[in-house]
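Here's the structure we're looking at; comments come further down.
Note: hydrogens, waters and symmetry copies are ignored here, and every other heavy atom, side chains too, is used.
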Amino acid sequence: MRFRRSVAAAFGALTLVLAAPTSASAAEGQFRYTYLTDEGYEAVGFLNNPPSGECINLYGVGSDDLPPGHSPKNRTDATAVVFLNADCEGDAFFSLRPHTGGGSERLKVRSVVFS
C-alpha cells in the first residue's frame, strides 16, 4: 500500500511539472546599438536578456521613417541577426556571433532576432 502511494505521489508530481508553463527562452546578456535622438544627439540603445526567436524593432530606429541605428554589439549568449529594415524583413541582414560579435558605423540596423 505504501508503495502505491509513493508511486501515485511521484506520478502526480511529474504531471504537475509537465503541466506547468515553461518560461520563454531568452538570450542572456546585453545587445547594444547607437542611434541619433530627435534632437540630433548620439545615444546608445540596449536590450537586456532579450527574448529568443522573436523579431524586435529597436527603440529609436525601428521605423523606416527614422534614420537607422549603427554599430551593434552582441554581448548575449545567442547569435543575433540584425536587419536594416523594420520587422526583420528584407535582404539586408547580418549575423553577429555570441559574446563578441559587433559591427562598425557602416552596419545599419532597425530590427534584430536572437537564436
With the side chain counted from C-beta on, respond yes when C88 and V112 share a heavy-atom pair under 4.5 Å apart, and no when they do not.
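C88 does not reach V112 side chain to side chain.
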Check whether any side-chain heavy atom of D87 sits under 4.5 Å from a side-chain heavy atom of N57, and report yes or no.
yes
Closest contact, heavy atoms only, [X] versus [Y]:
X    : Y    : value
A26  : S52  : C-OG, 3.6 Å
T34  : S71  : OG1-CB, 4.2 Å
P68  : V61  : C-CG1, 3.8 Å
C55  : S111 : SG-CB, 4.0 Å
G103 : L96  : N-CD2, 4.4 Å

Could you walk me through whether V109 and L58 pass the side-chain contact (heavy atoms from CB on, under 4.5 Å) test, one step at a time?
CA-CA 8 Å; V109 298; L58 299 172; 3.8 Å; yes
Return a table of donor-acceptor pairs under 3.5 angstrom between the side chains of residues 75-83 and protein atoms on other chains or two or more places apart.
| from | atom 1 | to | atom 2 | distance (Å) |
| --- | --- | --- | --- | --- |
| R75 | NH1 | G101 | O | 3.1 |
| T76 | OG1 | N74 | OD1 | 2.7 |
| T76 | OG1 | A78 | N | 3.2 |
| T76 | OG1 | A78 | O | 3.1 |
| D77 | OD1 | E28 | N | 2.8 |

About how many Å separate CG of N85 and CG of D91, when rounded to the nearest 0.5 Å?
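Reported to 0.5 Å precision, the distance equals 8.5 Å.
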Mind checking the CZ-CG spacing from R32 to N48? Nearest 0.5 Å is all I need.
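If I round to the nearest 0.5 Å, the distance is 9.0 Å.
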side-chain contact (heavy atoms from CB on, under 4.5 Å) with T37: which residues, sequence neighbours excluded?
Y35, E39, Y41, A43
Backbone N/O of R110 and side chain of Y33: donor-acceptor pair under 3.5 Å:
no
With ring-ring contact (aromatic ring centres under 6.0 Å, His included) as the rule and sequence neighbours excluded, what pairs involving residues 94-115 come up?
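Checked against ring-ring contact (aromatic ring centres under 6.0 Å, His included) - neighbours excluded - the pairs reaching residues 94-115 are F31-F114.
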According to a hydrophobic-cluster definition based on side-chain heavy atoms being under 4.5 Å apart (Ile, Leu, Val, Met, Phe, Trp, Tyr only), do F46 and L107 belong together?
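No.
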